There are 4 protein chains.
Amino acid sequence: MSANSKIRVAIIGADGYTSRETIRLSLAHPQMEIAALYSPLDPLPRIDELFPEFTGRVDMQCEPIEPAKLKGRADVAMLCVPSGISMALTPALLKAGLRVIDFSADYRLEEPADYLQWYNQEHTDPDNLAHAVYGLPELYRDKIRKAALVANPGCYPTSAALGIVPLLKAQLVDPQDIVVNAASGMSGAGRVPKQESHFTERNENFEAYNVGEHRHQVEIERTLDPYARSGKTSALFVPHLVPMERGILSTIYLKPLQPVSVEHVMQVLADAYENEPFIRLRKDLPRTSDVARSNFCDLAARVAKSRIIVLSAIDNMVKGASGQAIQNMNLMFGIDETAGLI
Amino acid sequence: MSANSKIRVAIIGADGYTSRETIRLSLAHPQMEIAALYSPLDPLPRIDELFPEFTGRVDMQCEPIEPAKLKGRADVAMLCVPSGISMALTPALLKAGLRVIDFSADYRLEEPADYLQWYNQEHTDPDNLAHAVYGLPELYRDKIRKAALVANPGCYPTSAALGIVPLLKAQLVDPQDIVVNAASGMSGAGRVPKQESHFTERNENFEAYNVGEHRHQVEIERTLDPYARSGKTSALFVPHLVPMERGILSTIYLKPLQPVSVEHVMQVLADAYENEPFIRLRKDLPRTSDVARSNFCDLAARVAKSRIIVLSAIDNMVKGASGQAIQNMNLMFGIDETAGLI
Amino acid sequence: MSANSKIRVAIIGADGYTSRETIRLSLAHPQMEIAALYSPLDPLPRIDELFPEFTGRVDMQCEPIEPAKLKGRADVAMLCVPSGISMALTPALLKAGLRVIDFSADYRLEEPADYLQWYNQEHTDPDNLAHAVYGLPELYRDKIRKAALVANPGCYPTSAALGIVPLLKAQLVDPQDIVVNAASGMSGAGRVPKQESHFTERNENFEAYNVGEHRHQVEIERTLDPYARSGKTSALFVPHLVPMERGILSTIYLKPLQPVSVEHVMQVLADAYENEPFIRLRKDLPRTSDVARSNFCDLAARVAKSRIIVLSAIDNMVKGASGQAIQNMNLMFGIDETAGLI
Amino acid sequence: MSANSKIRVAIIGADGYTSRETIRLSLAHPQMEIAALYSPLDPLPRIDELFPEFTGRVDMQCEPIEPAKLKGRADVAMLCVPSGISMALTPALLKAGLRVIDFSADYRLEEPADYLQWYNQEHTDPDNLAHAVYGLPELYRDKIRKAALVANPGCYPTSAALGIVPLLKAQLVDPQDIVVNAASGMSGAGRVPKQESHFTERNENFEAYNVGEHRHQVEIERTLDPYARSGKTSALFVPHLVPMERGILSTIYLKPLQPVSVEHVMQVLADAYENEPFIRLRKDLPRTSDVARSNFCDLAARVAKSRIIVLSAIDNMVKGASGQAIQNMNLMFGIDETAGLI
């Protein structure tokens with residue numbers, strides 16, 4: 001792709017927060033153009049009605065979703081829709097010649113059996129699933145470049161995997177003894193009002209949810225598995241809700257296979273991420289506010305009480321969703337990986 | 001009522017925030033007993049399912065609403081239901097021998113025509129409306145003592161009236177030139193999730209709403225009217241939403257009829273509220289956090305640029321709702337007005 | 001102590017948040033009287049200048065700290081002062097005939113060597129340290145009743161110990177493999193402004209601090225040690241800061257010694273706390289908002305991925321500080337343990 | 001200035017929030033280069049120590065402030081320092097050939113007497129004061145282009161003036177009867193920790209401050225004066241603090257000189273701002289969240305109770321400080337006014 005041409009993006013599911021974030025980031029991207037917005041809402045809203053911050057900046061109306069009509073109109077579809085909907089739309093989008101970046105979980109788990117168990121439905125598009133690439137550029141950069149279909153990772157798994165994989169790879173830690181204690185801002189819960197996202201219920205409140213049962217637990221394990229000698233990891237995942245809009249901090253507890261110094265752990269992380277544009281090793285401790293609205297993942301490690309503790313902070317809406325999608329898009333279209341993101 | 005006996009309270013509309021607050025306050029009240037809880041929810045919830053803070057403290061299940069069955073079971077009904085529902089239930093409750101304290105607006109406006117205009121429906125119970133007493137004890141203490149039906153005031157009108165009435169009475173200010181600029185925490189919007197009360201929409205956001213069109217504007221005017229020589233006031237009311245749970249601050253702009261000192265204004269307020277247990281005159285400025293969870297109204301005044309500015313802070317859920325209801329109940333049943341509230 | 005007489009309390013360090021909370025709770029306590037307030041501030045403030053919420057409710061001026069003068073004026077001193085100051089004041093207070101409840105860490109660690117290591121100073125009052133009782137009523141109720149000097153526990157250790165001790169006692173979990181991941185509201189950081197407690201730095205931010213190095217880590221271990229067969233536990237403690245005022249949630253990761261069901265774990269907790277007035281077992285998950293402003297500790301357990309996860313929520317200012325101090329006071333003076341707290 | 005060359009900016013007072021915001025915005029600006037950072041802190045900090053969000057992005061160390069040494073090294077100095085300091089540095093900076101954009105109030109008030117009265121000190125640089133231009137581009141665009149010294153407006157006056165000036169100009173409203181009721185996020189209070197900006201004091205709190213006494217009141221009046229026929233306006237200004245980081249909403253109460261429709265008022269605003277890139281007229285009501293991190297000012301008007309109410313929302317750190325400074329810089333150096341800002 002030449003330096004002047006634009007990547008035309010169709011956003012499907014334009015009425016949610018990941019759509020909003022993608023549009024926001026596109027405004028600073030030199031080669032990204034929002035070509036069309038699709039929403040199931042009726043009547044079809046203007047984007048600045050949904051998100052008044054775009055008033056005077058994005059002059060577009062949502063359209064009804066018809067994958068076939070996208071042929072020739074967009075280069076890539078970003079699927080900002082719930083799991084289950086994506087796999088219904090993806091085959092037609094690919095057939096129409098678009099590349100697809102899917103924000104849902106539909107193409108993240110290699111095994112249809114895992115999908116059935118955790119998402120309570122049969123996978124209806126196993127053929128494309130077989131060719132989908134998990135869109136974590138720090139792990140699968142080369143595959144992403146050539147992929148037609150990228151499964152954009154979950155927010156929690158992104159933050160967890162970036163903190164754990166180098167230590168697993170270096171065989172520093174026990175793959176069977178992983179605890180990911182994570183806390184997220186409320187944008188991760190989406191835009192549809194619910195009792196648990198009602199301001200008065202959330203403000204001045206901190207709580208865990210889905211302890212050991214969150215769907216991202218299996219995604220974390222499947223992402224880590226290839227880096228365990230045995231091919232199998234066991235990770236306990238416990239998410240929490242924080243009264244703030246953005247940010248995830250994962251506090252990861254790992255068991256070193258032999259005594260290790262914090263300097264060594266930090267060095268392993270430093271070596272692994274030496275050339276990574278979006279990973280920052282911190283001497284002090286990561287804070288979600290330091291990565292807010294950015295595509296960075298801030299990492300630090302500590303050693304105490306025979307455990308390695310890795311702290312990993314991302315913005316759940318950026319590196320945990322829309323920013324990573326754009327990073328994947330940049331790779332897929334052969335432009336600078338950091339375009340629009342730094 | 002003897003010092004040992006209990007006032008039996010039936011809460012109708014037990015699933016909302018004013019119900020929760022009433023129950024919370026009842027736990028510290030020496031003579032108040034929650035006798036029954038009514039909810040339209042199906043299935044009928046336990047109160048500690050709705051509000052887990054009551055776990056181990058309040059062991060009650062909600063019942064379906066049947067006013068007639070309350071006869072002999074409760075002494076007073078607190079109607080924590082929306083406008084329109086109250087006037088459908090009140091006649092039967094009164095007939096069953098209960099006193100009624102209505103949290104809705106149904107019995108606040110003396111003129112059915114006002115109700116029709118601002119609440120878009122005919123008043124269906126004009127007989128009881130004619131005998132209802134507006135439950136602002138600082139203005140109508142004696143009437144409240146004898147009332148069968150008390151219209152518990154709106155949160156904004158409470159905070160506005162307490163700041164303005166003494167100055168109107170003293171003929172210090174122009175009744176035609178009143179601006180009430182108010183800001184409220186989100187509990188005032190109720191417990192039902194809505195887009196505008198979604199955490200992510202409200203956090204890091206401040207906005208005005210219903211400028212000059214809020215239903216409390218007419219309630220403010222009707223409450224002030226009797227204190228104007230002409231019997232008529234004109235008040236502009238502009239409410240705002242603050243990203244916090246509780247509290248209302250009204251910043252009230254008044255036009256003095258002749259030049260006046262801040263000391264004189266403060267003295268007029270001090271004289272008016274000399275014996276009031278819940279009004280506190282502040283030398284510094286009121287803050288919503290100072291009145292949180294209390295039945296106090298904190299007041300201060302300033303004079304600048306040919307205007308009197310009155311600052312009035314209450315907790316919208318207490319002096320603005322449940323606390324004032326209990327203050328009214330205390331008066332209606334002849335016990336210490338401050339019981340359970342200080 | 002007779003049911004009518006009052007326990008006269010002197011608060012030393014009246015200008016901090018634990019003092020404020022103690023005063024707030026005293027207002028609802030039938031037998032507690034704030035007899036004197038001591039502060040190092042110059043000029044000596046009125047309490048309603050420090051905390052305007054007490055305007056019209058508490059009419060007291062702070063006095064300079066002179067332990068000897070308290071003789072006959074107060075029955076108990078609550079030391080709301082930093083570690084290091086308490087042990088300088090306690091001998092004189094005891095000599096003056098007062099009982100002492102110390103909010104600092106000075107008398108919490110039995111071994112002066114632990115104090116030296118973690119608080120970087122020699123313990124200057126080892127004699128009284130030897131007789132001090134750790135004020136966790138659920139563990140040491142009988143000793144507290146007879147104690148002259150009670151070391152009021154830290155907020156994090158309270159929440160951690162209440163969740164762990166019954167499982168250690170039942171020999172259900174490995175005493176060497178304990179992780180306490182905790183998150184606290186900002187009132188725990190005290191009233192003195194600091195960069196990290198500046199609103200703009202804290203809002204929309206979540207971070208860990210003092211990973212494996214917090215002083216409460218050793219307090220947690222020393223509190224748990226007696227319940228391990230070996231007399232020795234190893235606990236990793238990682239605290240986090242939440243953008244809210246109140247509440248601690250500890251998410252505790254324990255290793256079962258053999259496979260165990262969640263039902264069994266819950267039963268062990270239920271049996272342990274059967275008669276405890278302030279411990280609530282929750283079927284759903286604890287939330288900090290459910291225990292806010294109360295002395296309750298809400299507990300729940302889950303089993304997943306070969307681990308027991310215990311969730312433990314308290315209000316750091318109440319069960320984690322002032323409420324527990326009052327619970328201890330109630331025990332020390334032989335009145336109802338729950339007086340003023342339920 | 002050619003389209004490729006860079007404007008070299010020296011930030012003086014690099015350790016405050018307006019510096020941080022200026023650096024943040026510079027990262028997206030095609031022709032702006034941070035050439036040097038000056039701070040009075042000792043030891044001199046790296047910018048990513050002060051603001052860890054810049055880790056890996058801005059590799060600069062602060063230097064001690066020496067205006068003369070800036071000669072040839074920077075094209076413009078941005079003075080992010082308190083009032084009083086600016087006028088001590090500005091003469092030397094101008095002498096060194098730099099243009100100056102001053103964020104303080106030192107050059108905002110034309111009359112030294114006003115400065116003396118409101119800032120309690122003699123103005124020490126009346127010569128440059130006489131040539132300074134008030135940097136509100138919507139009012140003084142042409143003068144700004146040619147200015148050597150621009151006084152960057154206060155945050156509150158920016159939001160107030162943009163809402164009022166067109167209506168004054170159109171002689172629609174009484175210049176003697178203006179009330180500006182404003183509410184601001186906490187970043188406006190700066191980065192130095194204070195009791196009133198302590199998280200626990202601010203959270204769940206809303207309050208007014210400096211009622212009729214805030215220094216921005218005179219700045220608002222002096223900014224409005226030229227647009228009143230008489231050359232003199234009277235504006236009452238009442239600011240409030242909101243528990244959020246960013247944003248100002250001014251709710252402005254104006255007295256129409258004759259009856260007027262809301263459509264007419266909106267039309268007057270629309271005509272005035274037809275070609276303004278940063279003013280957005282809103283049919284619904286402005287929200288601070290819609291302008292967060294942007295240089296937009298969102299405006300709407302309502303008419304009720306014989307008053308015009310104008311709602312004006314800006315981000316206090318952007319249009320209210322750093323964004324407006326960059327807008328001024330763009331004008332001063334002859335590049336696209338919106339560069340780096342849209």
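Convention: sequence-line order gives letters A, B, ...; per-chain numbering from 1. The structure presented is a predicted model; accordingly, all values stated were derived computationally and were not measured.
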- Message: Under the criterion side-chain contact (heavy atoms from CB on, under 4.5 Å), I'd like the reasoning laid out for A/Lys305 against C/Glu221: C-alpha separation, chi angles, the key distance, then a yes or no.
- Response: CA-CA 12 Å; A/Lys305 296 275 165 190; C/Glu221 289 184 335; 2.5 Å; yes
- Query: Does any heavy atom of chain C fall under 4.5 Å from the side chain of A/Glu213, the backbone, both, or neither of them?
  - Reply: neither
- Looking at C/Ser234, C/Ala292, C/Ala235, which has the largest count of heavy-atom pairs under 4.5 Å with chain A? C/Ala235
- Message: Determine whether C/Val179 and A/Val179 satisfy the following criterion, side-chain contact (heavy atoms from CB on, under 4.5 Å), listing intermediate values before the conclusion.
- Response: CA-CA 10 Å; C/Val179 174; A/Val179 175; over 6 Å; no
- Nearest-0.5 Å distance that lies between atom CG in C/Asn210 and atom CZ in A/Arg302: 10.0 Å
- Measuring heavy-atom distances to chain A, does C/Ala300 have an atom under 4.5 Å in its side chain, in its backbone, in both, or in neither? neither
- Under the ring-ring contact (aromatic ring centres under 6.0 Å, His included) test, residues paired with A/His198 that sit two or more places apart: none
- Task: Report, as yes or no, whether the 6.0 Å neighbourhood of atom CD on A/Glu110 holds more than 12 heavy atoms from other residues, nucleotides or ligands.
- Result: no
- Note on the structure: Checked A/Arg202, A/Arg246, A/Lys255, A/Gln176 vs chain C; the most non-hydrogen pairs under 4.5 Å come from A/Arg246
- Task: Name the member of A/Val303, A/Leu285, A/Leu311 that forms the most heavy-atom pairs with chain C at distances under 4.5 Å.
- Result: A/Leu285
- Euclidean distance, A/Thr251 OG1 relative to C/Asn181 CG, rounded to 0.5 Å: 5.5 Å
- Query: With chain A, which of C/Gly185, C/Gly247, C/Ala208 has the greatest number of heavy-atom pairs at distances under 4.5 Å?
  - Reply: C/Ala208
- Message: Quick check on C/Pro286 against chain A: is it the side chain, the backbone, both or neither that has a heavy atom closer than 4.5 Å?
- Response: backbone
- Message: What's the separation between atom CZ in A/Arg293 and atom CD in C/Glu204, rounded to the nearest 0.5 Å?
- Response: 6.5 Å
- Examine whether an atom of C/Leu236 lies under 4.5 Å from a heavy atom of chain A, and if so say whether it belongs to the side chain, the backbone or both; otherwise answer neither. both
- Within a reach of under 6.0 Å around NZ of C/Lys194, are more than 12 heavy atoms found that belong to other residues, nucleotides or ligands? yes
- Going by the angle between their ring planes, with limits at 30° and 60°, are A/Phe206 and C/Phe206 parallel, tilted or perpendicular? parallel
- Message: Enumerate the ring-ring contact (aromatic ring centres under 6.0 Å, His included) contacts for residues 284-315 of chain A, please, sequence neighbours excluded, ordered by first and then second residue.
- Response: none
- Query: Contact part of A/Arg307 toward chain C, heavy-atom cut-off under 4.5 Å: side chain, backbone, both or neither?
  - Reply: side chain
- Task: Identify which one of A/Val242, A/Thr288, A/Leu249 satisfies the side-chain contact (heavy atoms from CB on, under 4.5 Å) criterion when paired with C/Asn205.
- Result: A/Thr288
- Query: Where is the tightest heavy-atom contact between A/Ala304 and C/Gly212, given as atom of each residue plus distance?
  - Reply: CB-CA, 4.0 Å
- Query: Between A/Val211, A/Ile248, A/Ile178, which residue shows the highest count of heavy-atom pairs closer than 4.5 Å to chain C?
  - Reply: A/Val211
